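All of these numbers come straight from a predicted model, not from anything done at the bench. These values consider heavy atoms only, across backbone and side chains, with no hydrogens, waters or symmetry-generated copies. Residue numbers start from 1 in every chain, and the chains themselves are labelled A, B, ... in the order their sequence lines are given, proteins ahead of strands.
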There are 2 protein chains.
Amino acid sequence: MLSKKTKYGIKALTFLAKQEGKSPVAIATISKSENISLKFLESILLTLRKNGILGSKKGKGGGYYLLKEATEIPMTTVMRILEGPISMVPCVSLNFYEKCDDCPDENACSVHSLMTKVRDNTLEIFRNTSLADLCNR
Amino acid sequence: MLSKKTKYGIKALTFLAKQEGKSPVAIATISKSENISLKFLESILLTLRKNGILGSKKGKGGGYYLLKEATEIPMTTVMRILEGPISMVPCVSLNFYEKCDDCPDENACSVHSLMTKVRDNTLEIFRNTSLADLCNR
DNA sequence: CACAAACCCTATAGATTTAGTAGATTAATA
DNA sequence: TATTAATCTACTAAATCTATAGGGTTTGTG
């Protein structure tokens, strides 16, 4: 299941991407428009900023804005920052790999092979979808 | 993330599928062979039985066995029983649909469209993979 | 009958998620 | 300079989920 954190994060990003110009948008504006709890959204935007997706401006007239063009932000990046591994099991993850305790031989594991297939497909989608693609509808 | 319940369930099922003949296999046997907590596995096999995947036999010489041929058990069925929805968001789910609280228009939602793509692809894999496919390696 | 196995119910520690609360800090503006 | 609007930080808390353990019951077989 996708966490609300990720869901809200994506919604906020598309909201920012749809903006004309690049002037900062206040959290409260996004929060109201997208029906997201303000304080929760605050922490989400913060992690997006800390991971180089967003820039921020403090004080009056401040807010958040995209650091790159929406076409230059692949969903793989967004998903990994917000949701973590794209793979459903750590032993299949490229960026968050972890060995299973119970599994003596990864290459003989039925779960491993199945989940590798799923990850490859999902990864392909996220790679080929940019933030800009989510705005066009 | 895939729950251990699902992971263990799949491992147990492939273990049963690999069995010669159809004689029941005791929980303890699977538990030891696959390094799965016995009591946890017990509850997993129980739900698989209640959902028509496994049969069971009580008493001495008892245990669990597949009710159908492994080739006749698609992974969609297994995943839905153990993990629940295949989709990452309820508003995209075919079998477990739920409307989002925050989203006024599903068709205008960026998350919705992205996750529909992911679901379609994942579903395709699970549909085309049977339990028997997981045993061949 | 005795035993071995599935079956069923309950509890629980720990983790994670989704917030809410309170306040500090920064920057623009009147 | 005082005010105000905004981000930033840290703590707390409720709710839910996960993985497992314990103990007792039932049922079938040898």
Practice task
Indicate yes or no: at least one non-hydrogen side-chain atom of Leu41(A) is less than 4.5 angstrom from one of Leu38(A).
Solution key: no

Handout entry: Residue pair Ile36(B) / Lys4(B), side-chain heavy-atom distance below 4.5 Å
Key = no

With the criterion being N/O to N/O and under 3.5 Å, what pairs connect the protein with nucleotides 25-30 of chain C, and how long is each?
none

Fill in the blank from the handout: Taken in chain and number order and not counting sequence neighbours, the residues that satisfy side chain to side chain contact (heavy atoms under 4.5 Å, CB included) with Ser93(A) are Pro85(A), Ser87(A), Phe96(A)

Exercise for the section: For nucleotides 11-16 of chain C, just jot down a letter per nucleotide in 5' to 3' order: B, S or -, based on protein non-hydrogen atoms under 4.0 Å. Expected result: ------

Check residues 68-79 of chain B and write down every donor-acceptor pair under 3.5 Å in which the side-chain atom is one partner and the other belongs to a residue at least two apart or another chain.
unit_1   : atom_1 : unit_2   : atom_2 : d
Glu69(B) : OE2    : Lys22(B) : NZ     : 3.0

Handout entry: Flag, side chain of Ser31(A) to backbone of Ile27(A), donor-acceptor distance under 3.5 Å
Key = no

Exercise for the section: With sequence neighbours excluded, give me every side-chain hydrogen bond (donor to acceptor under 3.5 Å, both in side chains) pair touching residues 35-62 of chain A. Expected result: Lys39(A)-Glu42(A)

Practice task
Measure the shortest side-chain to side-chain distance between Asn121(A) and Ile125(A) over non-hydrogen atoms and say whether it is less than 4.5 angstrom.
Solution key: no

Practice task
Would you jot down, in residue-number order, the residues of residues 35-45 of chain B having a non-hydrogen atom under 4.0 Å from DNA chain C?
Solution key: Lys39(B), Glu42(B)

Practice task
Could you tell me whether Lys50(B) contacts a base, only the sugar-phosphate backbone, or nothing, with contacts defined as non-hydrogen atoms closer than 4.0 Å?
Solution key: sugar-phosphate

Completion exercise
For Tyr97(A) and Cys91(A) the tightest heavy-atom approach is CE1-O, 3.4 Å

Handout entry: With sequence neighbours excluded, residues passing ring-ring contact (aromatic ring centres under 6.0 Å, His included) with Tyr64(B)
Key = none

Fill in the blank from the handout: Going by chain and number, the hydrophobic cluster around Tyr65(B) (ILVMFWY, side chain to side chain under 4.5 Å) further includes Leu67(B)

Practice task
Kindly write out the residues that satisfy side chain to side chain contact (heavy atoms under 4.5 Å, CB included) with Ser130(A), not counting sequence neighbours, or none if the list is empty.
Solution key: Ala132(A), Asp133(A)

Problem - Thr116(A) side chain vs His112(A) backbone, donor-acceptor pair below 3.5 Å - result: yes

Problem - Separation of atom OH in Tyr8(A) from atom C1' in dT17(C), rounded to whole Å - result: 11 Å

Problem - ILVMFWY cluster, Leu94(A) and Val118(B) together (side-chain gap under 4.5 Å) - result: yes

Under 3.5 Å, sequence neighbours excluded: what are the donor-acceptor pairs made by side chains of residues 5-13 of chain B?
unit_1   : atom_1 : unit_2    : atom_2 : d
Thr6(B)  : OG1    : Ser3(B)   : OG     : 3.1
Thr6(B)  : OG1    : Glu83(B)  : OE1    : 2.3
Lys7(B)  : NZ     : Asp102(A) : OD1    : 3.0
Lys11(B) : NZ     : Asp102(A) : OD2    : 2.7

Problem - Non-hydrogen side-chain atoms of Leu48(B) and Leu82(B) separated by less than 4.5 Å - result: yes

Handout entry: Where chain A begins and ends its contact with DNA chain D, read 5' to 3' at 4.0 Å from heavy atoms
Key = dA5(D) to dT9(D)

Exercise for the section: Give me the residues of residues 83-90 of chain A where at least one heavy atom lies under 4.0 Å from an atom of DNA chain C, by number, or none. Expected result: none

